[in-house]
Student: 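One structure follows; several queries about it will come next.
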Amino acid sequence: MLKLLIADDEKTIRESICHLIDWKSYDIEVIGTAKNGIEAYHMILDLYPDIVLTDIRMPGLSGLDLIEKMHEVSADTLFIILSGYNEFEYAKTAMQYGIRHYLLKPCSEQQIIESILAVKKEYQARILEKNFLTEHNQLKNQLYTGMLINIINRYLAQNGQLTPEIEDSFYTEFCSHFHEATCPYEVCYLYYVESHNHEETFRRVSDFWGLAYPGIQMNLLYVKNTLVIFFRSFSDSYDELTGFLTGMTFEKQATSPVAKLYSYPDLKSAMHKIATQIRRYEEILYFNEQTLFQINNYDNILQDIQIYADRIFHNMESADEDLSLLLSQIENIQQLSFLKQIAPSLIMNAASTLPSFGIADAVDFLISLDREADMDLYRQKLMHQMILLKQMNGFSASTGEISDKIKKSVQAHISNSELSLKWIAEHELYMNVDYISKKFVKETGQKFSAYLTEMRIKRAKKLLAGCHSLPIADVAELVGCGNNPMYFSQIFKKYTGMSPSSYIKTLQGQKPTE
């Protein structure tokens, strides 16, 4: 039930509005009435109504002054202006603060009800938008965390010499989703933080960061007596941060922490340096303001797991054996924290390889898995998922030579609006179209048209979800729908349940329009 406050210097008006309308039938509660702007202001601060119906001219504090003051305190409260003065300047000033409802006295009961219901609808839309933003941020955070943990695991698993080519491969998937990987990064070390103070340090640094740098992604690592803070560069000076860190003191610690800041040209340079320093320690804590991970530096186990996972999805000859070895390693892990450490690496590895299991699927699974607090159930779900992913890969790899060539042709020419099985038969395979059509169905278990549409939708979703979003008409052309964005929108909605524009809004945390 929404809370309504009525403010008017005329007693008959405020009492009439309060008592003549059956507010409860509209799921609204009148929490009070105010005879002037100052009284209304104090009531708002105490009761925090969702909607305020206010006269525009009142003694002490006008309706516009009241709106201005509340806009500084809380932009969530919605206002309806009630006035006997039909002057455009009042409405114009009110609109600057987002006021969209302006009633002129005398107004009927029905007009007031219609305005209240319109504002109620606007309020509910804001709540839905906030929920979508929250869900979107959770998905983005899960994806970011999973990929970053995967990068850290890959560094820890490298026993031998790390070549530039291998290191570049750590960031391929990350860069396709987070453009800040190529931006300059800052790494701040806070030395002499004793282990019994690390949780308090996490909390104090996070609280400071949220107030000083809201909206900026921050990551924390802790190894023996050292806190590492790394983040994308956003300023020429970080004196406020280093000053706060250096000024930290702890009751049960005689030595004061010392902060040192270093700059790097990109995330890879920063992580390379960090990984070199943290790999000496067996236990590493990672915190990103929302989630705490314990990273266990069991380099031999990590290396074996990484090797098995790579082989499962890249070397079908030993896939069954490698899956068995991988499941055996997972079975022997007796720490939930270690299972949570390796899960993102395994799942992201599969997502970067399997056409039928994308990043969105990986994030959905990891979110579901992360809700599991029981170690045995967590392990079982992870093992079951790895078996399913191996089967997906096995089915894809077991297809025949002709279907493999057809699929490669689709990947190479997917933007061609004339692409069809007949086109591939005439331009690529030089074979009878009826014959290769039957072979494709026999080898893959699906019709070519269904496969082509599936690949176009997958390609479209990747383009729409990219760092640099493209106009829908451009996406339609890039996935082979030519200059017919309407047709593209129709097939996209058929296969995803939403239009391309609604899909983009969902990714951006906005409410879809359908």
Side-chain angles (χ1 to χ4, degrees), residues 141-142 144-158 170 174 185-213 216-233 238 240-264 267-299 301-302 333 335-345 370:
N141 178 264
Q142 184 73 41
Y144 180 91
T145 300
M147 288 187 169
L148 198 59
I149 294 293
N150 184 29
I151 290 172
I152 294 173
N153 282 337
R154 285 181 171 271
Y155 275 112
L156 297 179
Q158 291 295 317
F170 296 174
F174 190 95
Y185 261 73
E186 308 295 330
V187 179
C188 186
Y189 295 91
L190 186 64
Y191 300 105
Y192 311 122
V193 178
E194 295 177 7
S195 59
H196 57 272
N197 287 322
H198 80 265
E199 290 185 6
E200 182 184 348
T201 308
F202 280 171
R203 178 183 56 78
R204 289 166 63 178
V205 171
S206 295
D207 290 345
F208 163 81
W209 192 274
L211 292 172
Y213 313 121
I216 305 294
Q217 175 76 43
M218 181 264 293
N219 304 274
L220 296 173
L221 289 171
Y222 179 80
V223 293
K224 189 175 182 180
N225 292 343
T226 302
L227 182 76
V228 185
I229 309 170
F230 60 100
F231 52 91
R232 178 175 55 84
S233 302
Y238 302 95
E240 187 177 4
L241 172 63
T242 54
F244 167 79
L245 294 174
T246 304
M248 290 181 71
T249 58
F250 302 97
E251 290 184 3
K252 298 180 180 180
Q253 181 173 315
T255 307
S256 298
V258 175
K260 290 189 177 181
L261 185 74
Y262 300 91
S263 300
Y264 296 91
L267 176 62
K268 185 176 73 171
S269 303
M271 288 302 299
H272 182 97
K273 184 65 175 179
I274 292 171
T276 303
Q277 294 166 330
I278 67 174
R279 64 176 295 113
R280 301 194 298 266
Y281 302 97
E282 189 171 288
E283 184 179 289
I284 304 157
L285 295 178
Y286 168 78
F287 185 63
N288 66 353
E289 299 181 86
Q290 297 182 32
T291 310
L292 177 64
F293 278 90
Q294 180 176 316
I295 301 175
N296 299 283
N297 188 10
Y298 306 150
D299 51 0
I301 299 176
L302 284 170
I333 294 174
Q335 292 175 275
L336 180 59
S337 61
F338 195 28
L339 288 172
K340 289 188 173 185
Q341 175 185 341
I342 66 169
S345 293
D370 199 48

Student: Only one of R232, K268, M271 forms a side-chain contact (heavy atoms from CB on, under 4.5 Å) with Y185, so which one is it?
Tutor: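 Going through R232, K268, M271 one by one, the side-chain contact (heavy atoms from CB on, under 4.5 Å) with Y185 is satisfied by R232 alone.
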Student: State the OG-OH distance between S263 and Y238, to the nearest 0.5 angstrom.
Tutor: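 The distance works out to 7.0 Å.
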Student: Please determine whether the number of non-hydrogen atoms from other residues, nucleotides or ligands lying under 6.0 Å from atom CD of Q294 exceeds 12.
Tutor: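 It does: Q294 CD has more than 12 such atoms within range.
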Student: With heavy-atom distances below 4.5 Å as the criterion, would you say the side chains of M248 and L190 are in contact?
Tutor: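 Yes, close enough: below the 4.5 Å cut-off.
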Student: Closest heavy-atom contact between A259 and T242?
Tutor: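 Looking at all heavy atoms of both residues, the shortest contact is CB-O, 4.3 Å.
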Student: Check side chain to side chain contact (heavy atoms under 4.5 Å, CB included) between Q277 and all other residues, then give those that pass, not counting sequence neighbours.
Tutor: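 Per chain and number, Q277 pairs via side chain to side chain contact (heavy atoms under 4.5 Å, CB included) with Y189, K273.
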Student: Restricting to non-hydrogen atoms, name the atom on F208 and the atom on E240 that form the minimum distance, rounded to 0.1 Å.
Tutor: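 Result for this residue pair: CZ-O, 3.7 Å.
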Student: If you look at every heavy atom in S206 and F287, which pair is closest and at what distance?
Tutor: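 Minimum heavy-atom contact is OG-CE2, 3.2 Å.
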Student: Testing the basics here: between F244 and V205, what is the closest heavy-atom pair and its distance to 0.1 Å?
Tutor: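 Closest approach of F244 to V205: CE2-CA, 4.1 Å.
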Student: Would you compute the distance between atom OG1 of T226 and atom CD1 of I278 and round it to the nearest 0.5 angstrom?
Tutor: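 Rounded to the nearest 0.5 Å, the OG1-CD1 separation comes to 11.5 Å.
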Student: Which residues pass the ring-ring contact (aromatic ring centres under 6.0 Å, His included) test with Y281, not counting sequence neighbours?
Tutor: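 Here no residue qualifies.
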Student: Can a donor-acceptor pair be found, under 3.5 Å and without considering hydrogens, that links the side chain of W209 to the backbone of I216?
Tutor: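 Answer holds: yes.
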Student: Are any of the side-chain heavy atoms of V193 and N225 separated by less than 4.5 Å?
Tutor: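 A side-chain contact is absent here, since even the closest heavy-atom pair is not under 4.5 Å.
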Student: Look up atom CE in M218 and atom CG in L220, then write down how far apart they are to the nearest 0.5 Å.
Tutor: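 So the CE of M218 and the CG of L220 are separated by 4.5 Å.
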Student: What residues, two or more places apart in sequence or in another chain, satisfy salt bridge (charged side-chain N to carboxylate O under 4.0 Å, His left out) together with E200?
Tutor: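 If we apply the salt bridge (charged side-chain N to carboxylate O under 4.0 Å, His left out) test to E200, skipping adjacent residues, the hits are R204.
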Student: What's the spacing between T246 OG1 and K260 NZ if we round to 0.5 Å?
Tutor: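 That separation rounds to 11.0 Å.
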Student: Looking only at atom types and distance, does a side-chain atom of Y222 sit under 3.5 Å from a main-chain N or O of S195, one as donor and one as acceptor?
Tutor: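 Yes, Y222 side chain to S195 backbone: donor-acceptor pair under 3.5 Å.
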Student: Mind listing the closest non-hydrogen atom pair of T145 and Y286 along with its distance?
Tutor: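 So the two residues come closest at CG2-CE2, 3.8 Å.
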Student: Hey, could you give me the CE/CD1 distance between M147 and I151, rounded to the nearest 0.5 Å?
Tutor: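 Reported value, rounded in 0.5 Å steps: 8.5 Å.
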Student: With distance as the sole test, does Q341 use its side chain to make a donor-acceptor pair with the main-chain N or O of N153 at under 3.5 Å?
Tutor: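 No; judged by distance alone, with no hydrogens or angles, the pair does not exist.
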Student: Kindly indicate whether the side chain of F230, heavy atoms from C-beta on, has any atom under 4.5 Å from the side chain of L221.
Tutor: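 Yes, at least one pair of side-chain atoms sits under 4.5 Å.
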Student: Check the pair I229, L245 against side chain to side chain contact (heavy atoms under 4.5 Å, CB included), reporting the backbone distance first and the verdict last.
Tutor: CA-CA 11 Å; I229 309 170; L245 294 174; 3.8 Å; yes
Student: Is a donor on one side and an acceptor on the other found under 3.5 Å between the side chain of H198 and the backbone of L285?
Tutor: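 Looks like no, no N/O pair under 3.5 Å.
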Student: State, with a plain yes or no, whether a side-chain heavy atom of I295 is found less than 4.5 Å away from one of I149.
Tutor: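 A side-chain contact exists here, since the closest heavy-atom pair is under 4.5 Å.
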Student: Should Q217 and Y144 count as side-chain neighbours, where that means a heavy-atom distance under 4.5 Å?
Tutor: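 Yes - at least one pair of side-chain heavy atoms lies under 4.5 Å apart.
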Student: What heavy-atom pair brings P257 and F250 nearest, and what distance separates the two atoms?
Tutor: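 Closest heavy-atom pair between P257 and F250: CG-CE1, 3.8 Å.
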Student: Taking side chain as C-beta onward, heavy atoms only, is Y213 less than 4.5 Å from L241?
Tutor: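 Yes, side chains in contact.
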Student: Do the side chain of R279 and the main chain of Y155 share a donor and acceptor less than 3.5 angstrom apart?
Tutor: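 Yes: the side chain of R279 pairs with the backbone of Y155.
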